[in-house]
Each structure stands twice: as C-alpha cells, then as structure tokens.
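A quick write-up on the structure given underneath.
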Amino acid sequence: MDDFRWSIQGRDGQPMSDLASPTFPTQTDAEAWLSETWGELADAGAAAVTLLHFEDVVYGPMSLDPPS
C-alpha cells in the first residue's frame with residue numbers, strides 16, 4: 001500500500017505540528033485533499049506544503065499563497 005502525505009510548513013519554513021495531513025493511498029487522492037483544504041490550511045497559518053511518498057519528496061515545497 002502506498003503512503004502519500006503532505007508535510008505542512010509555517011511561515012518560518014518549519015513543520016507545523018498542530019496541522020497534520022492524513023495519509024493517502026495514491027498521489028491523486030493526496031492532491032484532491034489539498035485542492036479541497038488548502039484555503040483552510042492557509043487560514044490556519046500554513047505557508048507551504050510538500051508532498052511525501054513515505055519519506056521521499058515527490059514535489060514541493062509549494063506555496064499556499066494565492067496567486068498575485
């Protein structure tokens with residue numbers, strides 16, 4: 001079983017221990033979750049996310065700031 005999850009970073013670039021991503025069986029599921037929740041994460045102080053597959057970086061960090 002695959003294990004995808006998001007590492008959620010604050011403005012200081014450090015992981016936010018109070019915000020945790022669930023784990024997902026596929027990258028598509030993880031990306032769908034982020035597309036639905038990125039606004040809530042940003043409102044809670046998250047600045048960026050990184051997609052992990054187990055402990056390997058798939059991509060990121062990716063900013064949660066709205067496009068300018």
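Index from 1, following the sequence. When reading the values below, keep in mind they use all heavy atoms of this one structure, side chains included, and skip hydrogens, waters and symmetry mates.
Within the 4.5 Å cutoff, the side chain of M62 has heavy atoms near those of the L34 side chain. Side-chain contact check for T50 versus W6: every heavy-atom pair is 4.5 Å or farther apart.
Minimum heavy-atom separation, F24 to S21: CE1-OG, 3.7 Å. Contact record, L52 with S7: CD1-CB, 3.9 Å, taken as the closest heavy-atom pair. Heavy atoms only, all atoms of each residue included: F4 and T26 are closest at CD1-C, 3.5 Å. L51 and R5 get closest at one heavy-atom pair: CD1-O, 3.5 Å. Across all non-hydrogen atoms, the minimal contact from L64 to A46 is CD1-CB, 3.8 Å. Closest heavy-atom contact between D2 and P25: CB-O, 3.1 Å.
Remark: the backbone N or O of E40 is not paired with any side-chain donor or acceptor of T37 at under 3.5 angstrom.
T23 OG1 to W33 CH2: the interatomic distance, rounded to the nearest 0.5 Å, is 11.0 Å. Here the straight-line distance linking atom OH of Y59 with atom CD of E31 works out to 3.5 Å at 0.5 Å rounding.
Cluster annotation: V57 and M16 are assigned to distinct hydrophobic clusters (Ile/Leu/Val/Met/Phe/Trp/Tyr, side-chain heavy-atom contacts under 4.5 Å, transitive).
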